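The structure under discussion appears below in the form of structure tokens.
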Amino acid sequence: MEHKETLPPAILLMGPTASGKTAAALWLAERFPVELVSVDSAQVFRDMDIGTAKPDAATQQAFPHHLIDLISPEESYSAARFRADALAVMAKITARGRIPLLVGGTMLYYKALLEGLAELPQANPEIRAEIDALAAAHGWPAVHAELARVDPATAARLHSTDAQRLQRALEIYRLAGRPMSELLAAGESQKPPYAFLPLGLLPADRSVLHGRIAQRFDAMLHAGLEDEVSRLRRKYSLSLDLPSMRCVGYRQVWEAQDGIAPRAEMRDRGIYATRQLAKRQITWLANTLKPEIFDCLAPKLGDRLGQRIAREFFGGSFSAGGFQGKI
RNA sequence: GGCCAGGUAGCUCAGUUGGUAGAGCAGCGGACUGAAAAUCCGCGUGUCGGCAGUUCGAUUCUGCCCCUGGCCA
């Protein structure tokens, strides 16, 4: 068992969408020897810039972000791939004598990084198509019934309408020949060799966050989100059920463009979807990840975060907007 | 000013042949292992516009009033 002091530091900056994570991360990046690692399931897509609130080119130039623009919007990413990518890039950053500052709002990715994932088979398009066909013919409750035959434990904890999880559980059984419940039980928690400092950004008042979400979605619309979706659809072969086009904002613009939902409702729907995302992220923070929470609207937030980081990793020598000392 | 149609949950509406009401959306809470910005689950007390009248009982019937929209002047 290694001692905490022997482990290299890593900072985790978690928060719901529109809580000011990026601004805080940039502030810290100006003052600490850190490199930014994105923890964001949407910013991995190339050419999806406006709707994912990706840092602009100048910002990326000044402060390189890792794990952004990794794949085409036609492709899928995953929590498992994130964990592998993050650990690889964290090792490089650490080897350079710098500190990984992970920042983003994809809470499952943080969990996967911190606790590891069981050894499960990768997603398989053919098997998924088979299960989709079964569901189309007989309904998801029939898939649930089938799962109950081969993996009663997993079937018991899944609702018969939870299409995504039912599909995954049955996929695992068909690929591995063993039930998901068994494979999960076999995997033990694998904590990576870092001294993690999990920090959370939350507004004291939810309504403040809602205000910021509306403001930011309007800004995205003004910045040309609709054009961005049009360009994506021209350049790539996309559909509404791809992970990239299920992202908040992109989905609502697409639905308006194709008349699936009234254009007049597009803005509201985008804002609602963003709020609901924020709510899910907050639930993760409160119930699972439990970082040290900082009010994202508090005065001198940067100083507070800086002091906390300095106390943890630099012997408490952060003050007046700068830090002294070495790692 | 007259006629008609409405005024029911934050919004859009349904409904009650008289026994004080329910959907969608929003909101709130929760779950979460290779799609997670995903997927799914749970939560519905609101002077049924106001005041009277009829009635054992009115959101429902009647009258008057107020408000909104449309048509006619």
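Heavy-atom basis, side chains included; hydrogens, waters and symmetry copies ignored. Proteins come first, then strands; the chains are lettered A, B, ... in the order of their sequence lines, and each starts at number 1. A quick note: this is a predicted structure, and the numbers were derived from the prediction, not measured.
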Using the [atom1] atom on both, measure [N] against [M] and round to a whole Å.
{"N": "U33(B)", "M": "G29(B)", "atom1": "C1'", "result": "23 Å"}
{"N": "C66(B)", "M": "A26(B)", "atom1": "P", "result": "39 Å"}
{"N": "A9(B)", "M": "C48(B)", "atom1": "P", "result": "9 Å"}
{"N": "U16(B)", "M": "A23(B)", "atom1": "P", "result": "15 Å"}
{"N": "C32(B)", "M": "C41(B)", "atom1": "C1'", "result": "11 Å"}
{"N": "U60(B)", "M": "A14(B)", "atom1": "C1'", "result": "14 Å"}
{"N": "G18(B)", "M": "U55(B)", "atom1": "C1'", "result": "9 Å"}
{"N": "U54(B)", "M": "C11(B)", "atom1": "P", "result": "34 Å"}

Side chain of [X] - closest among [options]:
{"X": "Gln276(A)", "options": "G30(B), U33(B), G27(B)", "result": "G27(B)"}
{"X": "Arg280(A)", "options": "G30(B), A36(B), A35(B)", "result": "G30(B)"}
{"X": "Trp284(A)", "options": "G34(B), A36(B), G29(B)", "result": "A36(B)"}
{"X": "Cys247(A)", "options": "G34(B), A37(B), C40(B)", "result": "A37(B)"}
{"X": "Val248(A)", "options": "C32(B), A38(B), A36(B)", "result": "A38(B)"}
{"X": "Arg157(A)", "options": "A37(B), A35(B), U33(B)", "result": "U33(B)"}

- request: Rounded off to whole Å, could you give me the CZ-to-P distance for the Arg269(A) and A26(B) pair?
  value: 8 Å

Atom-to-atom span, CG of Leu117(A) to C1' of U33(B) - whole angstrom: 5 Å

field: Distance, nearest 0.5 Å, that separates CZ of Phe196(A) from CD of Glu312(A)
entry: 12.5 Å

- line: Rounded to the nearest 0.5 Å, the CG atom of Leu12(A) sits from the CG atom of Leu114(A) at a distance of 5.5 Å

Phe32(A) ring center within less than 6.0 Å of Phe313(A) ring center: no

Same apolar cluster (I L V M F W Y, side chains within < 4.5 Å links), Phe217(A)/Met245(A): yes

message: Do Val39(A) and Leu202(A) sit in one hydrophobic cluster, given that two such residues count as connected whenever their side-chain heavy atoms are within less than 4.5 Å of each other, even indirectly?
response: yes

- line: Its glycosidic angle compared against 90° from 0, G34(B) adopts the form syn

query: Considering only heavy atoms and no angle criterion, is a donor-acceptor pair shorter than 3.5 Å present between the side chain of Arg275(A) and the base of A26(B)?
result: no

message: If you go through the side-chain atoms of Arg165(A), does one of them form a donor-acceptor pair with the base of A38(B) closer than 3.5 Å?
response: yes

